[in-house]
Chemist: 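Quick one: structure below, then a few questions.
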Amino acid sequence: MVFSSLVFVFAYLPITLAAYFISPVKWRNAVLFVFSLAFYGWGEPAYIAVMLASVLSSYGFGFMIEKYRANDRRKAKLFMLLSVFVNLAFLLFFKYFNFFAHAFGAEGIEGLKLPVGISFYTFQIMSYTVDLYRGEVAQAKRFVPFGTYVTLFPQLIAGPIVRYKDVCDQLSARKESFQKFASGAQRFVCGLSKKLILGDGAAAAADYFSAQSELAPTAVGIWAAIAFYTFHIYYDFSGYSDMAIGLGRMFGFEFPENFDHPYVSKSITEFWRRWHITLSTWFREYVYIPLGGNRKGKARTYLNLAVVWLLTGFWHGAGWNYIMWGAYFLVLLVAEKAFAGRVLEKIPAVFSRIITLFFIGFGWLIFFRTDISRLFGDIALAFGAGGAFSDLPTAVDILKLLPFALICVFGCTGIPLRVCKKILSKHAKIAAAAPAVTVILLLICTAYMVDDTFSPFLYYIF
Amino acid sequence: MKNYDKITAIAFCAFLAVFSVLFIFLPSRTFSEQENRELASAPELSAGSLFDGTFADGVNVWFADQFPGRDAMVKLKSAAEQLLLKQSNNGVLYSRDQLAVKQFDAYRSRLYKVADADGFFESSVSAQADSLVRAAEKVDVPVITLVPPRTIDVCGEKFGYPGHGDALFELLESALSEKAGYIDTLGMLREGYGDYLIYRTDHHWTTAGAYRAYVKIAEKLGMGEECLPETFFTKEKIPGFYGTTAARGNFVFCENDVLEIWTAGDDGDYSVVADGKEIGGFYDRSRLDTSDKYSVFLGGTHGTTVITKKGGENRKKMLIIKDSFANCLIPFLARGFDIVALDIKSGVDIAQAVRTYGADVILVVCNAENVVSDGSLGRIY
């Protein structure tokens, strides 16, 4: 199920909220567990088994790691690695089997579908296993809270990647309150609006310019597509994270932030501190630092960076373009470490921002073009080869979408939030509008969801 | 602050609750006037549908189709898009006195490699034209072809796309002129755009537009002198018409259309039989009370429509292979010919049709959108 659907907002959510708040406190995790499984299984019930197998194995291995971790590090490590291996095996099989099969010229498995959210929950589970081995977190003794942690529906499908140590206390003791619920509801509606109103709109524009660039290739057209891909992925993904964080809050959870206005970054290094924060954190903590980080000399540091970034790229999808995308950022980050970082710091902020955004946007082209030959064609086109510079229809199309694009630009900055805070600090009474604004935005989002199946049966095809 | 939190929390929950409850208790609708289609009902639950995901998909569609206040919601979304200063909604471009669909869907099925800015697959259109020419060669009666343009082709400059459709129509003209009697309607409608020849809110031509096409057809057949003058007809005006384009765009502010029915004293002399049933004349006025007002002409689209003059007068026969654009054109043509009109959508074996119905002339009417996105011309073989 996805958050931005009528079934979720008007059936699943009210039922889950009602069941949760009616239940006595000690049953609430169990309620969340059961409902989260239903959320997950909606549409593809078979994959509940895959997820439960993953949960059960790491829960079971937890006992073995706990047993040996104080006095037999080798055995503890063995079980930790086993647990990680089992988890990764699921991920590798479902997500990457066909990729590797094709890469080696073999037949893939037809109809092998990726279980929703497997990339996210696998990483969450591994954080528990590794932290338990490291002694940074207590063993999850009871199954229900642990199962609830992994399957918790707000962050199950698209993050944030919540580490077990971040929420284990909240699993046993958390406080729900009106204040949390209200801020959660606002955050949810805010995320929903970002996704439906801006994200989907940008996606449609990006698709349009992208299709157009096949019919009448122009450099300006492909850059327009890139710009709207840039908006699309930000509003879609950060909107989803907002919804997740908001929903978590309604149930009393506090999840880590996942985005911090990434497009205002003045360097790629800064961008990755602001974009999908929980993923970068995960890779830093469970891959980069264990490999030695930057403490083992220059060569080793670069090697470690290479491992992390190729994996980061590959994590986003089983395709060559994703690996290229990771490699692309590796090159940029190494360049920044070596020399470009100092340049970006010296020049005026506005230039470093534009340069950074240029490279980010270009990255999204690599990200969205799963067809490699088309990717190379588009790259050439973006730099003036294989098409005109621009043509009239493209210019008109861009002009028509300019106001929407400016709204998208504005929304990416921290300005709207700052302005709201400033107004609120000066005129506290305006806070009284919060309930109305929330409901009106939700109403508009509902309209967008209803409109999604709007298909007047006209005789265009008669 | 605390107070507002409580209100926000309650308002949020109340919003969810109200719509869920309304959804459950409001009687479900089977038909949407606005969308002119059947609405989905609750999907059937079975082990199979649950596991393969079709149940979940069905529920999604069911929820959206039966959602309380669906029509108003759809309008609200359009208004929100306008607030965002987007000048289009659902692929419909907006200006106060003219709407136009700019069709992007055609590119989505990438069947052919294309190299044209107007958004059509050159190879598909060429293949359709070839097929029509081959079909025309099979029969020894003259064939006349009309491809009425899309609104955006007629008044593209109004939306910043001057010359939209030029490439498509050039291709059609060069392929069909000689061997399929192509008549240019694009130029005619562009020149006469100021005379209200196409609707503002509907993708069809107006009755006045159809009349001009009728004159052109008569001239092509060398029957220009037999053409009835405009003054022969009394123009009955039906105001308040919102057509297909408006239904798709759902704009809050847009001017509506005046639909005209051109009647004449001899209307009663003709018998109109649609799919074997006498429908009582050229115009089915009961359709004026529905959202689909354009179907007042010949009662909408039928598989086979046969029009004869009562009293058994022996007249020349015209076989028409058509889409809905011909519906408001046929009453004019019926003055000069007995008519058999076949729906292009079901596919027509032209030689077979001539054997079955007989024909002195064949007229093909197929609008550009159907050529581009449906390959309709290729259905004549």
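Please read all numbers here as calculations on a predicted model, not as lab measurements. Lettering follows sequence order; numbering is per chain, from 1.
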Chemist: Of the non-hydrogen atoms in B:L76 and A:I444, which two are nearest, and what is the gap between them?
Modeler: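 That would be CD2-CA, 4.2 Å.
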
Chemist: Measuring heavy-atom distances to chain B, does A:F8 have an atom under 4.5 Å in its side chain, in its backbone, in both, or in neither?
Modeler: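 For A:F8, neither part sits under 4.5 Å from chain B.
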
Chemist: If you round to the nearest 0.5 Å, how far is NZ of B:K86 from CG of A:L402?
Modeler: 13.5 Å

Chemist: In terms of heavy-atom pairs under 4.5 Å, which option from B:A79, B:S78, B:A56 contacts chain A the most?
Modeler: B:A56

Chemist: So do the side chains of B:F15 and A:F10 get within less than 4.5 Å of each other, counting heavy atoms only?
Modeler: yes

Chemist: So which of B:W62, B:F12, B:F23 has the largest heavy-atom pair count under 4.5 angstrom toward chain A?
Modeler: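 Between B:W62, B:F12, B:F23, the count favours B:F12.
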
Chemist: Do side-chain atoms of B:S20 reach the backbone of A:A11 as a donor and acceptor pair under 3.5 angstrom?
Modeler: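 Flag not set: sc B:S20 to bb A:A11 has no pair under 3.5 Å.
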
Chemist: What's the separation between atom CG in A:L406 and atom CG in B:L84, rounded to the nearest 0.5 Å?
Modeler: 12.0 Å

Chemist: Given side chains that start at C-beta, do those of A:T446 and B:M73 come closer than 4.5 Å, heavy atoms only?
Modeler: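 Yes, at least one pair of side-chain atoms sits under 4.5 Å.
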
Chemist: Please work out which of the three classes, parallel, tilted or perpendicular, describes the rings of A:W42 and B:F55, given edges at 30° and 60°.
Modeler: perpendicular

Chemist: Sort A:L6 into side chain, backbone, both or neither according to what part of it lies under 4.5 angstrom from a heavy atom of chain B.
Modeler: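 For A:L6, heavy atoms of backbone and side chain both lie under 4.5 Å from chain B.
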
Chemist: What's the separation between atom CD in A:Q186 and atom CG in B:D5, rounded to the nearest 0.5 Å?
Modeler: 7.0 Å

Chemist: Identify which part of A:L392 has an atom lying under 4.5 Å from any heavy atom of chain B, answering side chain, backbone, both or neither.
Modeler: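 The side chain, not the backbone.
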
Chemist: Against chain A, label B:E81 side chain, backbone, both or neither, depending on which of its atoms sit under 4.5 Å from a heavy atom there.
Modeler: both

Chemist: Do B:F159 and A:K400 have side-chain heavy atoms sitting under 4.5 Å apart?
Modeler: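 Side-chain contact under 4.5 Å: yes.
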
Chemist: Could you tell me which portion of A:V437 (side chain, backbone, both or neither) has an atom closer than 4.5 angstrom to a non-hydrogen atom of chain B?
Modeler: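 It is neither, since no heavy atom gets under 4.5 Å.
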
Chemist: In terms of heavy-atom contacts, does CZ of B:F31 have more than 12 from other residues, nucleotides or ligands at under 6.0 Å?
Modeler: yes

Chemist: What heavy-atom pair brings B:C13 and A:F181 nearest, and what distance separates the two atoms?
Modeler: SG-CZ, 3.5 Å

Chemist: State, with a plain yes or no, whether a side-chain heavy atom of A:V9 is found less than 4.5 Å away from one of B:F19.
Modeler: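 Contact flag for A:V9/B:F19 side chains = no.
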
Chemist: Below 4.5 Å, heavy-atom pairs only: which of A:P14, A:A18, A:P45, A:P403 has the largest tally toward chain B?
Modeler: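 Highest number of heavy-atom pairs under 4.5 Å: A:P45.
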
Chemist: Applying side chain to side chain contact (heavy atoms under 4.5 Å, CB included) between B:T8 and each of A:V439, A:T438, A:V189, report the one that passes.
Modeler: A:T438

Chemist: Return the CG to CZ distance between A:D451 and B:F67, rounded to the nearest 0.5 Å.
Modeler: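 Interatomic distance, A:D451 CG to B:F67 CZ, rounded to 0.5 Å: 13.0 Å.
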
Chemist: Non-hydrogen atoms of chain A under 4.5 Å away: do they reach the side chain of B:A17, the backbone, both or neither?
Modeler: neither

Chemist: Roughly how far, to the nearest 0.5 Å, is CG of B:L16 from CG of A:L442?
Modeler: 6.5 Å

Chemist: Which answer fits A:M1, side chain, backbone, both or neither, if we ask what part of it has an atom under 4.5 Å from a heavy atom of chain B?
Modeler: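 Nothing of A:M1, per the 4.5 Å heavy-atom cut-off to chain B.
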
Chemist: Could you look at A:L443 and say if it's the side chain, the backbone, both or neither that has a heavy atom under 4.5 Å from chain B?
Modeler: both

